[in-house]
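Shown next, in structure tokens, is the structure this report addresses.
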Number of protein chains: 2
Amino acid sequence: MPSQPPPAATPGFAPPLCAIFRRFLKEQGLKFTTERAVILDAVLNRAGVFEADELIDDLKQSHPQHRVSKATVYRTLKHLIEAGIITEVLLDSTRAHYQLTYGQPDVGHLVQADGDAFVVTEFPTGELNDFIRRVCDEHGVSAVSHRLVIYTTRAEDA
Amino acid sequence: MPSQPPPAATPGFAPPLCAIFRRFLKEQGLKFTTERAVILDAVLNRAGVFEADELIDDLKQSHPQHRVSKATVYRTLKHLIEAGIITEVLLDSTRAHYQLTYGQPDVGHLVQADGDAFVVTEFPTGELNDFIRRVCDEHGVSAVSHRLVIYTTRAEDA
DNA sequence: ATCGATGCAAAAACTTTGCATCGGT
DNA sequence: ACCGATGCAAAGTTTTTGCATCGAT
């Protein structure tokens with residue numbers, strides 16, 4: 001649940017997320033540490049959906065000089081969500097998945113189970129905005145975010 | 001991930017789910033035990049989304065004569081999902097939620113966080129079927145199921 | 001009588017937390 | 001110098017599993 005709504009998309013151009021994160025942290029009286037910089041960097045180098053464990057592995061590889069603990073990764077992921085930079089994506093109930101969403105267009109996820117892993121494909125959900133707005137209006141609420149996940153099989157298996 | 005697609009909706013009339021579950025179990029070479037009957041009964045008496053723990057509590061109240069272990073509840077929930085009777089609903093990453101979906105029209109979930117609990121309201125998503133079919137066609141897959149969750153705040157808080 | 005199902009308690013997987021120390025500001 | 005952040009390991013949650021026994025077919 002992000003505290004600030006993510007701003008409009010800026011396609012084809014990476015916004016200065018590091019500066020955005022710094023500003024967020026300052027506003028909250030929190031510090032911009034080396035660990036947080038390194039974690040944000042790893043997040044930005046991830047395409048699509050990722051898990052905490054994958055990020056931790058990435059950090060071991062990309063920043064071997066600076067070991068970051070698991071606890072710090074989890075703590076920082078929470079701040080990144082609060083800052084509106086990443087979003088939790090719920091694909092299954094056994095672990096959390098995350099995705100960079102700041103400045104990105106809304107996407108849904110097509111999921112194909114592949115043993116215990118997933119093949120996840122994104123698709124745009126901009127067309128759904130009217131529908132979502134209508135549903136929220138009918139219930140007297142405003143949408144903060146939404147998630148559409150479609151579980152699939154290859155067409156021939158159905 | 002249900003192994004059989006749920007059949008068409010039968011509004012206003014409860015289908016003989018017990019018989020359906022028995023048939024499913026027999027087909028799989030599994031047994032219809034007292035515990036499974038009691039658990040299905042508790043599921044049918046639950047409106048909307050529920051958690052495993054809530055079901056376990058319900059069982060203590062409604063069937064005090066027949067204690068059912070936590071392990072059996074989890075094992076049976078899996079079978080009910082396989083049978084296409086209930087579906088996992090993913091609202092947050094800390095625990096699984098379930099819902100009776102056999103013979104029910106497709107619904108999405110409007111979620112309002114309320115501390116560590118959720119207020120969940122359902123809404124019909126029949127209108128989305130064309131969109132979903134189109135997305136799947138473009139990717140050469142068929143939809144097995146889908147979930148739309150809208151996270152909200154009261155309109156005035158936005 | 002067979003073979004799956006149950007209960008219990010232990011294990012597993014993921015995430016959070018307490019505490020002493022480190023390091024931004 | 002202050003006060004938040006980190007790392008570690010321990011604790012917490014939810015869900016799963018091993019094993020001896022029970023019970024449906």
Side-chain angles (χ1 to χ4, degrees), chain A residues 18 21-40 42 49-57 59-60 63-83 86 88-98 115-118, chain B residues 18 21-40 42 49-57 59-60 63-83 86 88-98 115-118:
Chain A
C18 183
F21 193 33
R22 291 182 93 123
R23 186 190 321 142
F24 167 81
L25 291 171
K26 178 165 283 179
E27 282 168 9
Q28 307 283 312
L30 306 174
K31 292 166 182 170
F32 183 75
T33 62
T34 313
E35 289 81 4
R36 286 174 181 171
V38 161
I39 291 167
L40 177 56
V49 174
F50 61 89
E51 301 172 19
D53 257 359
E54 295 175 332
L55 201 63
I56 292 166
D57 285 347
L59 289 167
K60 284 183 194 148
H63 299 269
Q65 345 79 29
H66 203 109
R67 273 292 152 74
V68 180
S69 74
K70 202 169 51 170
T72 297
V73 170
Y74 278 107
R75 287 188 275 232
T76 301
L77 286 171
K78 286 192 168 174
H79 288 129
L80 289 168
I81 291 170
E82 284 272 311
I86 65 173
E88 248 191 289
V89 180
L90 302 170
L91 301 183
D92 79 339
S93 55
T94 66
R95 53 192 168 281
H97 293 81
Y98 307 89
D116 60 335
F118 297 104
Chain B
C18 183
F21 193 34
R22 292 181 92 123
R23 185 189 322 142
F24 167 81
L25 291 171
K26 178 165 283 180
E27 281 168 10
Q28 307 283 312
L30 306 174
K31 291 166 183 171
F32 183 76
T33 62
T34 313
E35 289 80 5
R36 287 175 181 170
V38 162
I39 291 167
L40 177 57
V49 174
F50 60 90
E51 300 173 19
D53 257 0
E54 296 174 333
L55 202 63
I56 292 166
D57 285 348
L59 289 168
K60 284 182 193 148
H63 298 269
Q65 344 79 29
H66 203 108
R67 273 292 152 74
V68 179
S69 74
K70 202 169 49 169
T72 296
V73 170
Y74 278 106
R75 287 188 275 232
T76 301
L77 286 172
K78 286 193 167 173
H79 288 131
L80 288 169
I81 291 171
E82 284 271 311
I86 66 173
E88 248 191 289
V89 179
L90 301 171
L91 301 182
D92 80 340
S93 55
T94 66
R95 53 191 168 282
H97 293 80
Y98 307 88
D116 60 334
F118 297 104

request  = Return yes if a side-chain donor-acceptor contact under 3.5 Å exists between H66(B) and E35(B), otherwise no.
outcome  = yes
Atom-to-atom span, CD of E35(A) to P of dT21(C) - whole angstrom = 18 Å
ask   = Starting at CG of D53(B) and ending at C1' of dT16(D), how long is that distance when rounded to a whole Å?
value = 15 Å
request  = Looking at every strand, decide which applies to S93(B) at a 4.0 Å heavy-atom threshold: base, sugar-phosphate, or nothing.
outcome  = nothing
ask   = Looking at dC8(C), does its base get a donor-acceptor pair with the side chain of K70(B) below 3.5 Å?
value = no
request  = Can you see which heavy atom on L40(A) is nearest to which on C18(A), and at what distance?
outcome  = CD2-CA, 3.5 Å
query = Taking side chain as C-beta onward, heavy atoms only, is H97(B) less than 4.5 Å from D92(B)?
reply = yes
key: 5′-ward residue of the pair V73(B)/K31(B) relative to DNA chain C   = K31(B)
note = To the nearest angstrom, the CZ-P distance between R95(B) and dT16(C) comes to 12 Å
message = Please verify the inter-ring angle class for H79(B) with F24(B); under 30° counts as parallel, over 60° as perpendicular, anything in between as tilted.
response = tilted
Atom-to-atom span, CG of L30(A) to P of dT25(C) - whole angstrom = 11 Å
query = T33(B) or T34(A): which one's nearest nucleotide on DNA chain C is closer to the 5' end?
reply = T33(B)
key: Nearest-nucleotide 5' precedence on DNA chain D, R67(A) against H97(B)   = R67(A)
request  = Classify the side chain of R75(A) and the base of dG4(D) as holding, or not holding, a donor-acceptor pair under 3.5 Å.
outcome  = no
query = Nearest to the side chain of A96(A) - dT15(C), dT16(D), dT15(D)?
reply = dT15(C)
Closest listed nucleotide, where the reference is the side chain of Y74(A) and the choices are dT16(C), dT6(C), dG4(D) = dT16(C)
ask   = Between the main-chain N or O of V68(A) and the side-chain N or O of T72(A), is there a donor-acceptor pair closer than 3.5 Å?
value = no
request  = Check the distance between dC3(C)'s C1' and Q28(B)'s CD and give it to me in whole angstrom.
outcome  = 16 Å
query = Looking at five pairs on each end of the helix from dA1(C)-dT25(D) to dT25(C)-dA1(D), what is the angle between the two axes, given to 10 degrees?
reply = 40°
query = Quick one: is T72(B) getting a side-chain N or O under 4.0 Å of the dG7(C) phosphate, OP1 or OP2?
reply = yes
task = Can you tell me the distance, in whole Å, between the NZ atom of K60(A) and the P atom of dG7(D)?
result = 13 Å
ask   = What's the CG-P distance between L90(B) and dC14(C), to the nearest Å?
value = 16 Å
query = For K26(B), which contact category applies under a 4.0 Å heavy-atom criterion: base, sugar-phosphate, or nothing?
reply = nothing
query = Counting side-chain heavy atoms from C-beta on, which of dC8(C), dT15(D), dA24(D) comes nearest to S69(B)?
reply = dC8(C)
request  = Examine distances only and state if a side-chain atom of R36(A) and a backbone atom of K31(A) form a donor-acceptor pair shorter than 3.5 Å.
outcome  = yes
task = Measure the shortest side-chain to side-chain distance between S93(B) and R95(A) over non-hydrogen atoms and say whether it is less than 4.5 angstrom.
result = no
inquiry  = Under a 3.5 Å distance rule, please check whether Q28(B) uses its side chain to pair with a backbone N or O of L25(B) as donor and acceptor.
reply    = no
ask   = Between the base of dG24(C) and the side chain of R36(A), is there a donor-acceptor distance below 3.5 Å?
value = no
key: Rounded interatomic separation in angstrom, taking CD from E27(A) and C1' from dG4(D)   = 17 Å
